[in-house]
S.K.: 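Pasting in a structure now, in structure tokens, and then I'll have a few things to ask.
Every chain is numbered from 1 and lettered A, B, ... according to where its sequence line falls, protein lines coming before strand lines.
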Amino acid sequence: MELYNHNSIEKKWQQKWEEEFLYRTTEKSNKKFYILDMFPYPSGDGLHVGHPKGYIATDVYSRMKKMQGYDVLHPMGFDAFGLPAEQYALNNKVNPNVSTAKNVARYKEQLKMLGLNYDWEREINTTDPKFYKWTQWMWKQMYKKGLAYESYDPINWCPSCKTGLANEDLENGQCERCGSEVEKKPLRQWTIRITDYADRLLTDLDKLDWEPHIKELQRNWIGKSEGSEIDFPLISFPYQKSLRIFTTRADTIYGATFMAISHELASSWVEKGWKPNEEVLTVLNEIQEEAKKQDFSFKEVQEKKGVYTGIKARNPVNGEEIPVYIANYILAGYGTGAIMAVPAHDERDFEFAQKYSLPIQCVIQKKEHDNPDNGVHHEDGVVIDSSEYTGLSSSDARIKITEKVGGKLTSTYKLKDWVFARQRYWGEPFPIVFDENHVSYAVADSELPIVLPMVDEYEPTGTGESPLANIKEWVEVYGCINEDGEFISLPKDDSKAKLFTRETNTMPQWAGSSWYYLRYIDSHNETSFVDAVKEKKWSPVDFYVGGAEHATRHLIYARFWHKFLYDIGVVSYDEPFTKLQTVGLIMAEDGRKMSKRWGNVVNPDEVVMQYGADTLRVYEMFMGPFDQAVAWSTSSMAGSRRFLERFFALQSKVVNSCELSLEATIALHQTIKKVGEDIELFKFNTAISKMMTLLNFLEKEPLVSREVYIICIKLLAPFAPHVTEELWHTLGETESVHVASWPKYNESSLFASTVTYAIQIEGKLRATCVLPRDLDESRVILAVKENDQYKKYVGTFEPKKIIVIKNKLVNVVI
RNA sequence: GCCGAAGUGGCGGAAUGGUAGACGCGUUCGACUCAAAAUCGAAUAUCGCAAGGUGUGUGGGUUCAAGUCCCACCUUCGGCACCA
């Protein structure tokens with residue numbers, strides 16, 4: 001018998017599999033399974049051992065599904081547009097086209113080294129014009145539906161990355177990429193009305209088989225509040241008749257002692273002609289200055305600040321006149337940007353009222369006999385001191401009061417429209433041109449893709465213009481508008497040709513990843529992003545595996561994008577990912593995140609070289625529960641290597657036929673059952689431990705039959721595809737083990753004919769007792785009464801009660 | 001502050017309400033070796049010579065029986081955070 005030489009085995013079979021297209025997707029079964037990894041964004045550093053954990057898991061799962069007779073789609077590709085790749089290129093002074101291609105090649109090599117069963121014939125790359133042609137096409141459909149629009153609102157601007165950012169790209173008011181303080185900058189933007197889909201994105205979460213915490217993250221991000229919009233008439237204010245406010249607590253309207261508006265709203269009044277006094281202008285200015293740095297993502301809660309405008313509003317329920325304040329804690333982007341302030345039942349309003357000595361009027365009693373003057377509380381309760389509404393519950397009063405004052409019940413969301421333009425080079429160009437009056441036109445389908453020009457200079461300008469704006473020969477195009485209102489290009493000297501200019505912003509990093517999973521289904525289709533019949537066969541993704549950090553960006557964007565495609569009738573399901581599983585991080589041996597900064601990165605190339613890909617795979621699946629973070633341990637990994645060596649060495653005991661001991665037979669069938677069930681549940685660690693247990697049994701056997709060993713090889717094949725393939729062929733098999741059929745267990749071989757009962761006396765374990773399986777309860781009791789320990793503790797007295805759990809345990813209550 | 005997840009040996013972790021600690025790492029002892037590594041065998045929650053006692057973050061509760069269910073609390077991690 002040869003020694004286990006992982007290097008030669010792994011190289012040999014990887015080459016064979018590739019030559020034979022073993023992992024080419026089949027379409028011959030009526031059962032399909034689409035299992036997908038979140039595709040990587042190739043950085044310059046290559047993979048570390050933490051990255052492949054999810055890929056190995058989908059690999060194991062897909063291999064089992066394949067052996068179970070499914071048509072399995074398990075593809076891979078690369079997401080490579082956007083800031084990180086561009087920054088990397090800038091730092092290394094290469095063109096991103098070049099560096100990206102290099103990084104992709106390196107990633108691919110590393111992935112192949114692990115023996116993953118991807119169908120590389122379907123590989124995609126978001127930076128490939130053949131791919132982004134369809135990103136552009138889809139965005140164009142949004143534009144035509146009015147879902148993508150030009151906006152001039154101030155947006156988050158990162159001065160260091162020199163680009164506008166979406167709300168999702170911020171972390172505590174800082175740029176998620178570089179940590180710079182984000183500024184507010186008025187900039188022309190393409191924006192997508194994702195908020196139109198807020199409600200569907202929220203309610204459809206219910207039908208998804210996703211981990212609850214990920215759904216919760218999305219719910220929080222969408223941030224729906226149900227409340228009322230109510231108009232408060234403004235008194236002798238010629239510029240606006242009334243002030244519309246949003247509140248979730250219409251039941252507290254009798255406690256409204258002032259109004260508060262955002263500085264943006266105040267500014268818009270100034271624009272309309274309102275001339276506030278000096279003091280108001282000063283404070284307004286101060287608030288504006290502070291807000292320029294930070295808008296809706298404050299790092300710290302600032303001190304409340306505001307000023308009385310001199311304007312009064314009338315409370316619609318009781319006609320009371322209350323002052324209107326400008327206040328720094330009012331967010332323009334939430335609700336209507338104006339509130340009725342109820343200091344008794346809102347802590348922020350309370351703080352403000354205290355500072356400016358405004359009245360505090362309690363109108364909700366927590367419990368019936370509560371003292372109404374016991375300070376601020378925001379809980380629902382019983383309405384008091386509120387005319388005809390007194391005595392109602394908060395929830396009833398909300399509806400009745402809103403109705404009475406002619407308000408409407410409505411919802412507002414924390415989710416913002418998606419700022420969908422970057423002032424950078426490395427992204428998809430927009431399929432848009434402008435005429436001399438800045439009227440925008442979509443370009444005709446025949447013009448797609450609009451290819452990103454190859455340039456020498458792609459440094460961001462920082463002016464709010466993309467570097468593309470400097471490339472005159474790309475920006476200026478000649479053509480005309482056809483009968484569909486779309487641009488088609490013409491030669492410059494054509495009589496109908498007019499000058500147009502291209503949109504020079506590019507799409508954000510998240511564009512391609514919002515739909516890439518559809519492209520794998522039909523990667524090479526030139527006439528459509530996916531063939532409708534194929535889409536029906538493979539879609540939706542049955543199982544999606546990736547990092548939890550994508551919960552509020554990629555996974556929201558993709559769900560939105562997919563729903564849009566569904567609405568325009570080009571896909572057949574309204575949710576892209578039926579089941580989602582997140583991967584737990586692999587930490588470094590020191591417990592920190594693996595990072596170049598800490599010098600604690602473990603390189604998979606070295607691990608594969610020294611221990612083999614199979615060992616790495618088995619170890620990563622054995623480390624612990626899949627969704628939990630675990631620290632890497634090289635010595636622990638050696639255990640997985642030993643397991644494979646012992647498994648390999650078992651072949652020396654294999655004979656054509658021999659009897660297997662009863663114990664081992666039972667272990668075998670239990671293992672078949674458990675491995676299948678556990679892989680299905682992504683409980684790889686327990687699947688492997690069961691196989692280890694089985695191996696421990698088989699090692700005690702003098703000989704092992706070929707038939708038994710074959711079963712073991714099949715069970716291990718998804719985890720350790722190379723060594724099992726080698727052993728499989730050593731046994732004389734000619735087809736690959738990876739297209740063999742998944743083993744089945746015998747129900748009758750799962751248990752022995754005897755069982756060990758636990759004998760408890762007063763709930764404490766005192767003895768065990770071997771009895772025939774499925775023995776009558778009365779006979780179990782008879783047997784227990786013969787037990788020495790029973791006699792010792794119970795004696796001859798008749799116990800109060802004897803509980804028998806069949807085939808498991810007896811508990812005697814004295 | 002709000003929301004979510006989780007607390008079990010020296011470590012990673014197992015346990016449909018039914019014998020807590022499977023499996024692996026580590027450690028100790030033994031075999032092999034001149035020796036070491038590797039490998040193989042045995043032991044390994046804890047106190048106790050033993051009988052036995054104690055043990056799944058803390059305190060209560062339900063139950064014949066609780067790591068598992070209920071209530072309160074503590075700690076850690078993750079997310080959101082002036083969202084009216």
S.K.: Both A758(A) and A338(A) contact RNA chain B. Taking the nearest nucleotide for each, which residue is further toward the 5' end?
M.R.: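 Final value for this comparison: A758(A).
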S.K.: Assess, by modelled atom type and distance only, whether the side chains of Q218(A) and T552(A) contain a donor and an acceptor separated by less than 3.5 Å.
M.R.: no
S.K.: Got a donor-acceptor contact below 3.5 angstrom from the Y757(A) side chain to the N807(A) backbone?
M.R.: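 Side chain of Y757(A) to backbone of N807(A), a donor-acceptor pair under 3.5 Å: yes, one is there.
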S.K.: Need to verify one output field. Residue with the more 5' nearest nucleotide on RNA chain B, T336(A) or E699(A)?
M.R.: E699(A)
S.K.: So for K304(A) and C82(B), does any side-chain atom that can act as donor or acceptor lie under 3.5 Å from a complementary atom in the base?
M.R.: yes
S.K.: Rounding to the closest angstrom, what is the interatomic distance between G13(B) and U8(B) at atom P?
M.R.: 9 Å
S.K.: In whole angstrom, give me the gap between the P atoms of A50(B) and U33(B).
M.R.: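 Going atom to atom, P in each nucleotide, I get 35 Å.
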S.K.: When you compare C73(B) with U27(B), how far apart are their C1' atoms, in angstrom units rounded to a whole number?
M.R.: 37 Å
S.K.: Does OP1 or OP2 of G24(B) have a side-chain N or O of N696(A) closer than 4.0 Å?
M.R.: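 The answer is yes; a side-chain N or O of N696(A) sits under 4.0 Å from OP1 or OP2.
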S.K.: Using modelled atom types only, decide if a donor and an acceptor are shared between the side chain of S394(A) and the backbone of G381(A) within a distance under 3.5 Å.
M.R.: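 Between the backbone of G381(A) and the side chain of S394(A) there is a qualifying donor-acceptor contact (under 3.5 Å).
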S.K.: Send over the distance from I222(A) CD1 to C3(B) P, rounded to a whole Å.
M.R.: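 After rounding, the reported distance stands at 18 Å.
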S.K.: Using a cut-off of strictly less than 4.0 Å, decide whether K414(A) has a side-chain nitrogen or oxygen near OP1 or OP2 of A81(B).
M.R.: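 It does, given that an N or O in the side chain of K414(A) lies less than 4.0 Å from OP1 or OP2 of A81(B).
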S.K.: Please determine whether a side-chain nitrogen or oxygen atom of K690(A) lies at a distance below 4.0 Å from atom OP1 or OP2 of A15(B).
M.R.: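 Checking K690(A) against A15(B): no side-chain N or O falls below 4.0 Å of OP1 or OP2.
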S.K.: What heavy-atom pair brings I194(A) and I556(A) nearest, and what distance separates the two atoms?
M.R.: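 Smallest interatomic distance, heavy atoms only, reads CD1-CG2, 3.9 Å.
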S.K.: Using a heavy-atom distance cut-off of less than 4.0 Å, which residues of residues 806-814 of chain A contact RNA chain B?
M.R.: K808(A), L809(A), N811(A), V813(A)
S.K.: Where does the angle between the aromatic ring planes of H6(A) and Y4(A) fall among parallel (under 30°), tilted (30 to 60°) and perpendicular (over 60°)?
M.R.: perpendicular
S.K.: State the pairing partner of U39(B); accept Watson-Crick or G-U wobble contacts with both distances under 3.5 Å, and report none otherwise.
M.R.: A31(B)
S.K.: By salt bridge (charged side-chain N to carboxylate O under 4.0 Å, His left out), which residues pair with D251(A), not counting sequence neighbours?
M.R.: R249(A), R398(A)
S.K.: At under 4.0 Å between heavy atoms, what does R219(A) touch on the DNA or RNA strands: base, sugar-phosphate, or nothing?
M.R.: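 Here R219(A) touches no strand at all.
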S.K.: Donor-acceptor pair, N220(A) side chain versus L217(A) backbone, under 3.5 Å?
M.R.: no
S.K.: Would you mind classifying the nucleic acid contact of S633(A) as base, sugar-phosphate or nothing, using non-hydrogen atoms under 4.0 angstrom?
M.R.: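 S633(A): no heavy atom of the nucleic acid under 4.0 Å.
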S.K.: Can you tell me, in whole Å, how much space there is between the P of C64(B) and that of A14(B)?
M.R.: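 So the two P atoms sit 31 Å from each other.
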S.K.: Looking at N220(A), does any N or O in its side chain come under 4.0 Å of the phosphate oxygens OP1/OP2 on A81(B)?
M.R.: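 Negative; the distance criterion is not met.
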S.K.: Using the P atom in both, what is the distance from U16(B) to A22(B), to the nearest Å?
M.R.: 15 Å
S.K.: Which nucleotide in the list G26(B), A15(B), G24(B) gets nearest to the side chain of F622(A)?
M.R.: G24(B)
S.K.: Please tell me which of the listed nucleotides, C25(B), A84(B), C40(B), lies nearest to the side chain of I339(A)?
M.R.: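 Comparing C25(B), A84(B), C40(B) against the side chain of I339(A), the answer is A84(B).
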S.K.: Take atom CH2 of W632(A) and atom P of G12(B), then tell me their distance rounded to the nearest Å.
M.R.: 17 Å
S.K.: Considering every strand and a 4.0 Å limit on heavy-atom distances, what is the contact class for I330(A): base, sugar-phosphate, or nothing?
M.R.: base
S.K.: Does the structure show a Watson-Crick or G-U wobble partner for G26(B), both distances under 3.5 Å? Name it, or say none.
M.R.: U44(B)
S.K.: Please tabulate, for side-chain N and O atoms in residues 618-625 of chain A, each donor-acceptor pair with protein atoms closer than 3.5 Å (sequence neighbours left out).
M.R.:
unit_1	atom_1	unit_2	atom_2	d
Y619(A)	OH	S633(A)	N	3.1
Y619(A)	OH	S633(A)	O	3.3
E620(A)	OE1	K53(A)	N	3.4

S.K.: Using atom OH of Y757(A) as one end and atom P of C64(B) as the other, report the distance to the nearest whole Å.
M.R.: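 So the two atoms are 21 Å apart, to the nearest Å.
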S.K.: Using a 4.0 Å heavy-atom cut-off across all strands, classify P212(A) as base, sugar-phosphate, or nothing.
M.R.: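 Since no nucleic acid heavy atom lies under 4.0 Å of P212(A), the category is nothing.
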S.K.: Taking the six-membered ring of F697(A) (Phe, Tyr or Trp), confirm whether the NZ or CZ of K700(A) is under 6.0 Å from its centre and within 45° of its axis.
M.R.: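 Yes - K700(A) lies over the ring of F697(A), closer than 6.0 Å to its centre and within 45° of its axis.
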S.K.: In whole angstrom, give the distance that lies between atom CE of M587(A) and atom C1' of U76(B).
M.R.: 13 Å
S.K.: Hey, is the side chain of R398(A) poking within less than 4.0 Å of OP1 or OP2 on A84(B), counting only N and O atoms?
M.R.: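 For R398(A), the contact criterion (side-chain N or O under 4.0 Å from OP1 or OP2 of A84(B)) is not met.
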S.K.: Quick one, give me the B/S/- string for nucleotides 47-56 of chain B, reading 5' to 3', where B means a protein heavy atom under 4.0 Å from the base and S means that only happens at the primed atoms, P, OP1 or OP2.
M.R.: ----SSSS--
S.K.: What integer distance in Å separates I803(A):CD1 from G17(B):P?
M.R.: 18 Å
S.K.: Does E176(A) have any salt bridge (charged side-chain N to carboxylate O under 4.0 Å, His left out) partners at least two apart in sequence or in another chain, and if so, which?
M.R.: R553(A)
S.K.: Suppose we screen for ring pair (Phe, Tyr, Trp, His ring centres under 6.0 Å). Which residues come up paired with W418(A), at least two apart in sequence or across chains?
M.R.: F420(A), Y557(A)
S.K.: Using a heavy-atom cut-off of 4.0 Å across all strands, would you classify K700(A) as base, sugar-phosphate, or nothing?
M.R.: nothing
S.K.: Picking from G4(B), G26(B), G13(B), which would you name as closest to the side chain of E216(A)?
M.R.: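 Looking only at side-chain atoms, E216(A) lies closest to G4(B).
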S.K.: Would R766(A) pass as a cation-pi partner of Y790(A), given that its NZ or CZ must be under 6.0 Å from the six-membered ring centre and within 45 degrees of the axis?
M.R.: no
S.K.: Take atom C1' in A65(B) and the same atom in A20(B), then report the distance between them in whole Å.
M.R.: 14 Å
S.K.: Using purine N1 to pyrimidine N3 plus N6-O4 or O6-N4 for Watson-Crick, or N1-O2 and O6-N3 for G-U wobble, each under 3.5 Å, what pairs with A81(B)?
M.R.: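 Partner of A81(B): none found under 3.5 Å.
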S.K.: Whom does G18(B) pair with, Watson-Crick or G-U wobble, provided both distances fall under 3.5 Å?
M.R.: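 C64(B) - that is the nucleotide pairing with G18(B), both distances being under 3.5 Å.
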S.K.: If we take the P atom in both C69(B) and G7(B), what is their distance in whole Å?
M.R.: 11 Å
S.K.: Could you tell me whether K304(A) sits above the aromatic face of Y329(A), with NZ or CZ closer than 6.0 angstrom to the six-membered ring centre and within 45 degrees of the axis?
M.R.: yes
S.K.: Starting at CG of D627(A) and ending at P of A6(B), how long is that distance when rounded to a whole Å?
M.R.: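 Rounded to whole Å, this separation is 9 Å.
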S.K.: Measure CD/E549(A) against C1'/A5(B) and give the value in whole Å, please.
M.R.: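 Taking atom C1' of A5(B) as the reference, CD of E549(A) is at 16 Å.
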S.K.: Is T756(A) touching bases, backbone alone, or none of the nucleic acid, heavy atoms closer than 4.0 Å?
M.R.: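 Counting heavy atoms under 4.0 Å across all strands, the contact made by T756(A) includes a base.
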S.K.: For N685(A), which contact category applies under a 4.0 Å heavy-atom criterion: base, sugar-phosphate, or nothing?
M.R.: sugar-phosphate
S.K.: Using a 90° cut-off around 0 for syn, call G67(B) syn or anti.
M.R.: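 With its glycosidic angle more than 90° from zero, G67(B) counts as anti.
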S.K.: Just the rounded figure in Å: distance from C1' of A81(B) to CG of L217(A).
M.R.: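 Atom-to-atom, L217(A) to A81(B), this comes out as 14 Å.
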S.K.: Rounding to an integer number of angstrom, what distance separates G60(B) and C11(B) when you compare their C1' atoms?
M.R.: 32 Å
S.K.: What does U56(B) pair with, Watson-Crick or G-U, if both distances are under 3.5 Å?
M.R.: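 Across all strands, not a single nucleotide pairs with U56(B).
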